[in-house]
Visitor: 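Here it is, the structure, as structure tokens.
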Amino acid sequence: MQYKEYGDANNPFMMFIHGGGVGGWMWDQQVHHFSHYHCVIPELMTHNPFSIEQSAKELLLLIEKKAKGKPVIVIGFSLGAQIAIQMLSLQPSLIDFTIINSALVIPSPTVERMLQPFIRLSFPLIKNKTFAKLQAKALYIQEDYFERYYQESATMKVDTLIQILRENMSFSIPADFNKAQGKILITVGEKEKSNMRKSAKALVQSHPNSKGVLLKNIGHGVSLAQPAFFNRFVENWIKDGQLPEGTVIR
């Protein structure tokens, strides 16, 4: 798997895992803010066919290679958050701090069955810039990043997209997730879809040491929508265990 490294290799290791439809560039504001950490940003879409479990295994190997006994922090968004959950389940003792942002863990078999024909019919829309701008707005992608987002989306193959969405929509909480030994923070936006909010609650209830927060006035993509707020709460939680502003999920 391709990845980029930033920051100070002598300090704690921090991995940011991007969501579907975007790339490692979504973490640019975090890389700048956390330059005193050893930051690693993988690029997920270099895998074909894509697999959450295989991605998790490769990222765990990358951590073992790069972290070398240092504290390990993993932050995932959406598809990347699902991968982070899988990583915790495969190696419960490797990661010290995990932030799971907007992870879907409640599968929808009906939607999954309709996925392939729907995507094949609607796929030409991906190359439509007007449609892409609507999608970018929903993900809080700023104008500076739109062309990059559009080009990556427009060059994706239909079978790749179907595989990514199938993995995303069929994902559920792995049996060994509750064995993870590090600290876990689960966040979801107040304006996200109900199945995403239900997923956050299910994650909190499935791990005795996890904490969950419903973030006020946020949809899908807090790190892009409010990077300064996101960076601040990540730092405060890692250092002091302070939860971000919002409603605690129980």
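Throughout, numbering of the chain's residues begins at 1 and tracks the sequence.
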Visitor: Can you check side-chain hydrogen bond (donor to acceptor under 3.5 Å, both in side chains) on Ser223 and Gln30, steps first, answer last?
Guide: CA-CA 8 Å; Ser223 62; Gln30 285 66 52; 4.6 Å; no

Visitor: Mind checking whether Val22 and Tyr145 have side chains closer than 4.5 Å, heavy atoms only?
Guide: no

Visitor: Could you go through residues 71-78 and list every donor-acceptor pair under 3.5 Å that involves a side-chain atom there, pairing it with any protein atom two or more places apart or in another chain?
Guide:
| from | atom 1 | to | atom 2 | distance (Å) |
| --- | --- | --- | --- | --- |
| Ser78 | OG | His220 | NE2 | 3.1 |

Visitor: For the pair Glu190 and Arg197, evaluate side-chain contact (heavy atoms from CB on, under 4.5 Å) and give the outcome as yes or no after the intermediate values.
Guide: CA-CA 8 Å; Glu190 183 182 45; Arg197 299 195 302 273; 5.9 Å; no

Visitor: Please report the closest heavy-atom contact between Ser93 and Gln181, naming both atoms and the distance.
Guide: CB-OE1, 3.5 Å

Visitor: Taking atom NE2 as the centre, does His32 end up with more than 12 heavy-atom neighbours from other residues, nucleotides or ligands that are less than 6.0 angstrom away?
Guide: no

Visitor: Could you list the residues that satisfy side chain to side chain contact (heavy atoms under 4.5 Å, CB included) with Glu147, not counting sequence neighbours?
Guide: Lys129, Tyr150, Gln151

Visitor: Which residue pairs pass the salt bridge (Lys or Arg N to Asp or Glu O under 4.0 Å) test with at least one member in residues 172-188, sequence neighbours excluded?
Guide: Asp176-Lys179

Visitor: Nearest 0.5 Å, what's the CG-CZ distance between Asn231 and Phe34?
Guide: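 Going from CG on Asn231 over to CZ on Phe34, the span is 5.0 Å.
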
Visitor: Taking ring-ring contact (aromatic ring centres under 6.0 Å, His included) as the cut-off, I'd like each qualifying pair that reaches into residues 86-107, sequence neighbours left out, listed once.
Guide: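 Listed by first then second residue: Phe97-Trp237.
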
Visitor: Can you tell me how far apart CG (Leu59) and OH (Tyr3) are? Round to the nearest 0.5 Å.
Guide: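 Going from CG on Leu59 over to OH on Tyr3, the span is 11.0 Å.
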
Visitor: Please list, chain by chain and in numerical order, all residues satisfying side chain to side chain contact (heavy atoms under 4.5 Å, CB included) with Gln29, sequence neighbours excluded.
Guide: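 Result, side chain to side chain contact (heavy atoms under 4.5 Å, CB included) vs Gln29: Pro227.
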
Visitor: According to a 4.5 Å side-chain heavy-atom criterion applied to Ile, Leu, Val, Met, Phe, Trp and Tyr, with indirect links allowed, do Leu214 and Ile184 form part of one hydrophobic cluster?
Guide: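 Yes, Leu214 and Ile184 fall within the same hydrophobic cluster.
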
Visitor: State plainly whether one hydrophobic cluster holds both Val31 and Ile63, where clusters connect Ile, Leu, Val, Met, Phe, Trp and Tyr through side-chain heavy atoms under 4.5 angstrom apart.
Guide: no

Visitor: Please list every donor-acceptor pair under 3.5 Å in which a side-chain atom of residues 238-250 meets a protein atom from a residue at least two apart or in another chain.
Guide:
none

Visitor: Among all residues two or more places apart in sequence or in another chain, which pass the ring-ring contact (aromatic ring centres under 6.0 Å, His included) test with His38?
Guide: Phe13

Visitor: Atom CZ of Phe146 and atom NZ of Lys133: how far apart are they, to the nearest 0.5 Å?
Guide: 5.5 Å

Visitor: Would a single hydrophobic cluster contain both Leu44 and Val158, if residues Ile, Leu, Val, Met, Phe, Trp and Tyr are joined by side-chain heavy-atom contacts under 4.5 Å?
Guide: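 They do share one cluster, since a chain of ILVMFWY contacts under 4.5 Å joins Val158 to Leu44.
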
Visitor: Linking I/L/V/M/F/W/Y whenever their side-chain heavy atoms sit closer than 4.5 Å, directly or via other members, would Met26 and Ile141 fall into one cluster?
Guide: yes

Visitor: Do Tyr6 and Ser35 have side chains that approach each other closer than 4.5 Å (heavy atoms only, starting at C-beta)?
Guide: no

Visitor: For residues 59-88, which residue pairs qualify under salt bridge (Lys or Arg N to Asp or Glu O under 4.0 Å), counting only residues two or more places apart or in two chains?
Guide: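 Qualifying pairs: Glu5-Lys66.
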
Visitor: Name the one of Ile100, Ile17, Leu104 that satisfies side-chain contact (heavy atoms from CB on, under 4.5 Å) with Gln82?
Guide: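 It is Leu104; the other options fail the test.
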
Visitor: Any chain of hydrophobic side-chain contacts (each under 4.5 Å) joining Leu185 to Leu88?
Guide: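 They do not share one cluster, since no chain of ILVMFWY contacts under 4.5 Å joins Leu185 to Leu88.
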
Visitor: Show me the side-chain donor-acceptor pairs of residues 201-209 shorter than 3.5 Å, one per line, residues at least two apart or across chains.
Guide:
| from | atom 1 | to | atom 2 | distance (Å) |
| --- | --- | --- | --- | --- |
| Ser206 | OG | Ala202 | O | 3.3 |
| Ser206 | OG | Leu203 | O | 2.9 |
| His207 | ND1 | Asn209 | N | 3.1 |
| His207 | NE2 | Ala180 | O | 2.8 |

Visitor: Just to verify, what does Pro174 make a side chain to side chain contact (heavy atoms under 4.5 Å, CB included) with, not counting sequence neighbours?
Guide: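 With sequence neighbours excluded, Pro174 shows a side chain to side chain contact (heavy atoms under 4.5 Å, CB included) to Ile85, Gln86, Ser89, Phe171, Phe177, given in chain and number order.
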
Visitor: Parallel, tilted or perpendicular: which one describes the rings of Tyr149 and Trp25, with boundaries at 30° and 60°?
Guide: perpendicular

Visitor: At their closest point, which heavy atom of Pro42 faces which heavy atom of Met1, and how far apart are they?
Guide: CB-SD, 3.8 Å

Visitor: Looking at every heavy atom in both Thr130 and Asn128, which two are closest together, and how far apart are they?
Guide: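 That would be N-OD1, 2.9 Å.
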
Visitor: Please report the interatomic distance CZ(Arg166) to CD1(Ile52), rounded to the nearest 0.5 Å.
Guide: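 The distance works out to 12.5 Å.
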
Visitor: Using ring-ring contact (aromatic ring centres under 6.0 Å, His included) as the criterion, list what pairs up with Phe229, not counting sequence neighbours.
Guide: Phe233

Visitor: Can you name the side chain to side chain contact (heavy atoms under 4.5 Å, CB included) partners of Lys191, sequence neighbours left out?
Guide: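 Only Asn217 meet the side chain to side chain contact (heavy atoms under 4.5 Å, CB included) criterion with Lys191.
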
